[in-house]
2 protein chains.
Amino acid sequence: MSAKRQNLVLGAFELFYEKGVHAVGINEVLAASGVAKKTLYNHFASKDELVLAVLDYRNDAYLKWLGERLERVDTGAGKIDELFDALDDWFNDREEALHAFRGCFFINVSGEYGQPESAIYQKCVEHKQAVEELILAAVALLGLSEDDSVELTDALSVLKDGAITRARVQADLGAAQRAKKTARRLLAGFLGA
Amino acid sequence: MSAKRQNLVLGAFELFYEKGVHAVGINEVLAASGVAKKTLYNHFASKDELVLAVLDYRNDAYLKWLGERLERVDTGAGKIDELFDALDDWFNDREEALHAFRGCFFINVSGEYGQPESAIYQKCVEHKQAVEELILAAVALLGLSEDDSVELTDALSVLKDGAITRARVQADLGAAQRAKKTARRLLAGFLGA
DNA sequence: ACACAAGTAGACCAATCGGTCTCCTTAAAA
DNA sequence: TTTTAAGGAGACCGATTGGTCTACTTGTGT
C-alpha cells in the first residue's frame, strides 16, 4: 500500500514549500501526514531521500500543469502569451493544483543546499531544463532560424525565472503580466528582423 | 571595540551565503570568526538579529560595488551594458569584494523564510528596491518618457534577477552576457519606437 | 485458520540547536 | 593603582534534530 507514501510526499511538499526544507523537521512531516515514523523510514532511507521524492512529485505536477496550459493554444505566439498568463494565474493563486504561491520550489530548495554536486541540487537543474524544453517547443512553431529559436527560448526562460523571483521576493503579483508585455516586445523584434 | 562585531558579521555572511542560514549553527559561526559566544550575544540578542545585521552588511557592500561599476560609464545605454558586464564578472568570480558567487543572497534567504511579514524578509524586499533604483537612474539618462522609463527599468530588473537565478541554479555562467544581448534588443525597441 | 507483511504509537538514542551562565583574563579609564 | 567593562573558553540548559527500535495491531493471501 503506497497510499501512505503519497500522503508523506504530499504533506512534506506542502510544509517544505511553505517553510523551507531545513525549517521543517521529520516529526512535523509525520504529524501533518498522519503517518508513523517507522513507515517513513520504511519508504525512505533518510530525510534527503524524502526531499528527492518531493522534488520528483513537484516536477511532475508542475510540468503536467504547464504542459496542459500550453496545449490550449496552437500557435507559437499564442503559446508564449499563454506561458505568462499561466504564470499570472499561478502567482495569484488561481491554480489550486500548484498550492499557494511561494515562488519556485526548485529555486528555493537549491538556495538551501550549497553544494552543487548533491543529488538534490541536480533535480533542480533537471526541472529547469524540462521547463525550458516546453518553451522551446512553443518557440519552434514560430519558424525562426535555429539560432534565433535558441536565443529567444533563453530570453523567455530568463524572463520567466525573473518574474517568478520578483513575484516571490517582492510580492509583485503583476510580474507575469508585465513580463508578458516584455516578451511581446522581444518577439516583435525577432519576427520583424 | 566593534572589530569583533565586524568579524562576526563577515564570518557569518560567508557561511550563510555558502551553506544557507538554517544549515549553519551559531557555534559554527563562532568557530569561523574566532569570537566567544558571550561576545556574540553581547552584540546581538538572537541569531535572527545577527542575520539582519548580515543582510545589512551585504546590502551595503553590494550597492557600493554596483554603484561604483555604474559610475564608470556616463551614458544610459553604456550603464545598461555595464550592469550586465558587472553581473558577468560577479557570476564568474572576478569580483572578490562579493565572495564566490552563490546567487543572490537575498533571494536565497527569502526562500528560507516563509513568512513575508518577518523583518528578515523585509530586508530582502528593500535590497531589491534599492538595486532597482540604481537601474532607474541609468535608464533616466536615456530621455524616454516617464512610462517607458518605468517599463524598461522593470524589464531590466526582471532580466537581471532571471540571469542571477539561472546562473545560480543551472550554473549558467554565460547568463549575464546573453541577458545583455536581450537587454540591447529591448533597448533598441524602446529607442526606435 | 494461520502466517506474514505493513501499519501504528511512541520510547529512545546521540548529536546538535539556540541561548545562558560562570570563571578567568585583558586592557583601558579613573 | 584601582576599577570596570569587554572578551575568551567552554560548561551547561531544555528543546529539537534525524534516525532506530520495540511492542502491538491491522489486513490480506494461502
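Below, chain A is the first sequence line, B the second, and so on; all start at residue 1. A quick note: this is a predicted structure, and the numbers were derived from the prediction, not measured.
- For B/Leu30 and D/dG10, the CG to C1' distance is 11 Å, given to the nearest whole Å.
- B/Ile26 places its CD1 atom 18 Å from the P atom of D/dT16, with the value rounded to the nearest Å.
- With D/dG7, C/dG7, C/dA9 as the candidates, the nucleotide lying closest to the side chain of A/Thr39 is C/dG7.
- Between C/dG7, C/dC21, C/dC17, one nucleotide has an atom nearer to the side chain of A/Lys4 than all others, and that is C/dG7.
- Atom CD of A/Gln6 is separated from atom P of C/dG7 by 14 Å (rounded to the nearest Å).
- Taking atom CD on A/Glu28 and atom P on D/dT17, their separation rounds to 8 Å, with Å as the unit.
- The CG-C1' distance, from A/Leu15 to D/dG18, rounds to 16 Å in whole Å.
- The phosphate of D/dG18 has OP1 or OP2 within less than 4.0 Å of a side-chain N or O from A/Lys47.
- Checking the phosphate oxygens (OP1, OP2) of C/dG7, no side-chain nitrogen or oxygen of A/Lys37 falls inside 4.0 Å.
- Distances shorter than 4.0 Å separate some side-chain N or O of B/Asn42 from OP1 or OP2 on D/dG7.
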Evaluate A/Glu71 against A/Lys79 for salt bridge (charged side-chain N to carboxylate O under 4.0 Å, His left out), listing each step before the verdict. CA-CA 8 Å; A/Glu71 273 181 13; A/Lys79 280 178 192 288; over 6 Å; no

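- Rounded to whole Å, the distance from CZ on A/Arg5 to C1' on C/dG7 is 16 Å.
- Side-chain atoms of A/Lys38 lie closest to C/dA9 of the nucleotides C/dA9, C/dG18, D/dG8.
- Dashed line: the shortest gap from a side-chain N or O of B/Ser46 to OP1 or OP2 of C/dG18 is not under 4.0 Å.
- Among the nucleotides D/dG18, C/dA9, C/dT20, the one closest to any side-chain atom of B/Tyr41 is C/dT20.
- When rounded to the nearest whole Å, the span between CG of B/Asn27 and P of C/dA15 equals 15 Å.
- Side-chain atoms of B/Asn27 and B/Lys37, non-hydrogen and from C-beta on, do get closer than 4.5 Å to each other.
- If you look at A/Tyr62 and A/His127, their ring centroids are closer than 6.0 Å.
- Counting any heavy atom pair closer than 4.0 Å across all strands shown, B/Val24 reaches sugar-phosphate atoms only and no base atom.
- Between B/Gly34 and A/Val21, the one whose closest nucleotide on DNA chain D sits nearer the 5' end is B/Gly34.
- Taking a cutoff of 4.0 Å between a charged side-chain nitrogen and a carboxylate oxygen, B/Glu151 and A/Arg185 qualify as a salt bridge.
- Residue B/Leu8 contributes atom CG, which lies 10 Å from atom P of D/dG7 at whole-angstrom precision.
- Contact annotation: B/His43 side-chain N/O to D/dG7 OP1/OP2 distance is under 4.0 Å.
- The residues A/Arg184 and A/Asp81 are annotated as salt-bridged, a charged nitrogen and a carboxylate oxygen being separated by less than 4.0 angstrom.
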